[in-house]
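Since the structure comes first, as structure tokens, the remarks are kept for the end.
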Amino acid sequence: MIKLSFKYLNFSFKSCHRCIHVRCIHFHFGNSSQSKLDCNRALNELSKLSRINEARKLFDKMSERDEFTWNTMIAAYANSGKLTEAMVLFKDTPMKSSVTWNSLISGYCRRGMEIEAFDLFWGMQFEGQRPNQYTMGSILRLCSTLGLLQRGKQVHGYVIKTQFESNDYVVTGLVDMYAKCNCILEAEYLFKMMPDTKNHVMWTAMVAGYSQNGEAFKAIECYRDMVVEGVECNQFTFPSVLTACAAVQAGNFGAQVHGCIIRSGFEANVFVQSALVDMYAKCRDLDSAMRVLENMEVDDVVSWNSMIVGCVRQGCEEEALSLFQKMHARDMKLDDFTYPSVLNCFASMKDMKNAMSVQCLIVKTGFQAYKLVNNALVDMYAKQGNLDCAFQVFNHMPNKDVVSWTSLVTGYAHNGRHEAALKLFCDMRIAGICPDHIVLASILSACSELTILEFGQQVHANFVKSGLQSSISVDNSLVTMYARCGCIEEASRVFDSMQIQDVITWTALIVGYAQNGKGKDSVRFYDQMIASGTKPDFITFIGLLFACSHAGLWESGRFYFASMEKVYGIKPGPEHYACMIDLLGRSGKLVEAETLLYQMDVEPDATVWKALLAACRVHGNLELGERAAKNLFELEPTNAVPYIMLSNMYSASGKWEDAARIRRMMKSRGITKEPGFSWIEINGKVHSFMSEDRGHPRTADIYTKIDEIMLLIKEAGYVPEISFALHNTDEEGKELGLAYHSEKLAIAFGLLNVPLGAPIRIFKNLRVCGDCHTAVKYISRVFLRHIILRDSNCFHHFKQGHCSCGDYW
DNA sequence: ATAGGGTTAG
């Protein structure tokens with residue numbers, strides 16, 4: 001027996017039945033003895049088959065027309081989008097009933113013609129015709145497809161006034177309208193206020209509403225309730241619940257739904273099938289997805305697109321490309337979703353050649369006119385790192401939407417062009433585009449990278465004001481942003497406000513506390529995370545071990561390090577070893593550190609050797625230090641730090657000749673030390689300072705302030721640590737050199753400009769020098785200031801003469 | 001003769 005999809009089954013039954021009938025009428029065309037009743041029936045059949053011209057011929061031939069005749073013809077025109085013709089007849093018709101009005105209104109609503117539809121809606125009332133459930137159904141559908149919330153609310157008011165608020169059709173329309181306008185709470189309220197006898201369409205609208213509003217779990221729950229209530233599910237219900245399953249990777253539940261689908265007999269519907277393919281593909285069950293796809297009667301482009309996306313997400317780019325080729329071979333009609341799906345392959349494969357040829361294909365087939373396709377091109381080029389191409393495509397787009405902008409913004413951010421990303425984000429706002437979750441998460445992570453708190457706060461404020469629903473990705477970015485800007489309390493507040501925390505949220509907090517010198521809190525949060533049932537990942541352990549090493553918790557560190565592979569099956573990477581070596585080095589266990597290094601399964605990278613070199617310097621182990629430095633010379637040939645460290649180590653042990661040799665070697669290799677500078681942001685403007693910098697317009701004030709600072713902190717007990725001065729001058733010169741270090745200049749400027757009570761936030765590109773660290777502790781006590789200094793390694797919170805790093809950094 | 005719900009992209 002031939003399997004027919006339901007969609008076609010329904011249609012073919014009806015058309016078959018009608019064909020015969022209509023053909024018969026057609027045969028008798030022109031026979032004036034035809035009764036009015038028969039003509040009306042034929043007119044109706046022709047209109048249902050969209051045979052408008054024939055319908056019109058029949059209409060014109062009819063000598064006797066009644067209300068039904070006129071309404072059918074008007075509806076026929078309206079339903080096929082021929083609104084001018086419908087309007088002409090509407091004006092001519094001798095009798096306008098509510099059906100006449102509704103037929104015309106329905107036509108305008110279907111075409112999305114808001115102004116005309118509402119003119120008619122008010123017009124009919126003006127002429128004494130009351131809108132009924134049909135009218136409101138049409139109008140609400142218009143509001144929901146166009147997202148016209150204000151209009152929708154107006155209609156809602158009208159519904160209440162005219163006491164349609166318990167009408168199934170009207171309430172379903174309202175639920176759908178609110179859901180489509182992203183007002184899921186209103187939709188939910190209306191739905192819940194209806195009595196328990198809700199019909200299946202309203203249930204389905206609610207399931208779909210939740211699913212489309214990113215409330216996948218609620219959609220699933222609603223579907224469950226629907227099943228429990230014994231309400232029938234159909235070809236509309238299943239796609240919605242399957243989308244929800246796909247969104248939260250609820251593959252097992254999705255498979256159960258699949259079972260229900262088979263029992264209900266809807267498995268032959270293309271919408272259901274394509275949703276199944278998509279669900280399985282997104283739940284990483286490519287085999288099941290493929291099985292559904294292969295069993296389909298028709299080559300459905302949506303299902304194929306979903307399959308391609310699924311393959312790309314699983315890293316099976318070759319498979320995705322071969323599907324794309326098969327689509328061509330099967331002569332399938334591609335749509336504007338196909339190219340975005342397949343372009344993703346090239347983004348992850350960095351395959352420029354094939355990308356170009358697909359772009360040619362896009363141009364050739366006229367698909368460059370589609371926004372979706374252009375957005376995907378922008379995204380692909382940006383992800384490949386080809387920002388010029390991305391920008392070019394972007395620039396040529398006539399109407400850019402939030403996705404176009406997001407693709408470009410994210411592209412710049414991913415390629416380390418954070419400032420450019422921020423600039424583009426501002427341009428986007430100026431262009432009047434409302435940000436969405438994705439661009440917000442992306443821009444907040446750019447703020448984290450640049451540690452620009454004020455901008456991040458503004459984005460946060462805008463997000464709150466926008467009324468966008470909170471999303472885990474935005475919240476995670478907020479936690480990270482605040483933590484990385486040194487506002488650990490704020491990060492913590494966002495964390496607490498979240499309904500669900502995932503491994504990324506927890507990790508952001510753990511890393512955040514560690515970077516802000518609160519390693520013990522990090523460990524506490526890690527234990528809480530485990531207790532909450534969240535599994536740690538590779539990055540969680542980097543944060544955790546970093547926390548242990550900075551807090552000097554070497555036993556905990558060793559315990560957690562051992563649990564990584566044993567309990568969670570995560571193989572430690574060089575990052576974890578580096579933390580452990582740092583931890584052991586700090587505790588003076590240099591031998592253990594070296595042993596650990598040689599036990600590594602993976603090749604030690606620069607971070608590992610750096611940790612060892614730092615440990616060697618602290619403990620004066622020259623021999624091991626030499627080895628570490630030599631490895632670093634090879635691994636990071638342009639990095640001056642290992643040269644300087646080794647040279648300093650030689651100097652410290654009196655080996656002047658060796659020290660000089662390393663300096664010469666460094667010079668001859670053309671390696672220069674990265675110049676240190678510090679900066680501070682005041683009212684959105686960044687003021688940066690080099691050591692002994694006199695370029696700032698307020699230099700005189702700043703240097704006067706430094707003198708005052710030095711005087712006061714010396715009185716409080718500060719003694720300059722001359723060993724940190726680099727220049728070969730006399731003692732006094734060295735002391736002055738120290739006083740004008742970039743971080744001290746920035747702090748002096750901060751003291752002059754930041755109001756009392758507000759923290760002074762300083763940034764430094766390198767590690768803070770030891771003398772400055774001591775001085776800032778005194779400054780915080782003498783000037784009663786909270787000073788937050790972010791250096792290349794971590795945050796230092798100076799308060800009342802103490803630093804959060806515990807003098808260990 | 002007129003009304004309500006569904007799949008794929010960043």
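Letters A, B, ... are given to chains in the order of the sequence lines, protein chains preceding strands, and every chain is numbered from 1.
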Counting the atoms with a prime plus P, OP1 and OP2 as sugar-phosphate, which does [X] contact under 4.0 Å by heavy atoms, base, sugar-phosphate, or nothing?
{"X": "A:Asn234", "answer": "base"}
{"X": "A:Thr406", "answer": "base"}
{"X": "A:Val402", "answer": "base"}
{"X": "A:Asp436", "answer": "base"}
{"X": "A:Ala376", "answer": "nothing"}

A:Ile261 CD1 to B:dT7 C1', straight-line distance once rounded to whole Å: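 After rounding, the gap between these two atoms is 12 Å.
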Tell me whether the ring of A:Phe236 lies stacked over the B:dG5 base, given a 5.5 Å limit on centroids and a 30° limit on the plane angle.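 Ring-base stacking flag set for A:Phe236 and B:dG5.
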So, A:Tyr134 and B:dT2: ring centres less than 5.5 Å apart, planes less than 30° off, yes or no?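 Check passed, A:Tyr134 stacks on base of B:dT2.
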Under a 4.0 Å heavy-atom cut-off, which of residues 173-180 of chain A touch DNA chain B?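 Result for residues 173-180 of chain A: A:Asp176, A:Lys180, sorted by number.
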Does the base of B:dG4 carry an N or O that pairs as donor and acceptor with the side chain of A:Asn199 under 3.5 Å?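 Pair found.
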Is it the case that B:dG10 (base atoms only) and A:Ser407 (side chain only) share a donor and an acceptor within less than 3.5 Å, ignoring hydrogens and angles?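 No, the side chain and the base share no sub-3.5 Å donor-acceptor pair.
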Taking only distance into account, with no hydrogens and no angle test, what donor-acceptor pairs under 3.5 Å do side-chain atoms of residues 200-209 of chain A form with protein atoms, sequence neighbours excluded?
{"from": "A:Thr204", "atom 1": "OG1", "to": "A:His200", "atom 2": "O", "distance (Å)": "2.8"}
{"from": "A:Thr204", "atom 1": "OG1", "to": "A:Thr237", "atom 2": "OG1", "distance (Å)": "3.1"}

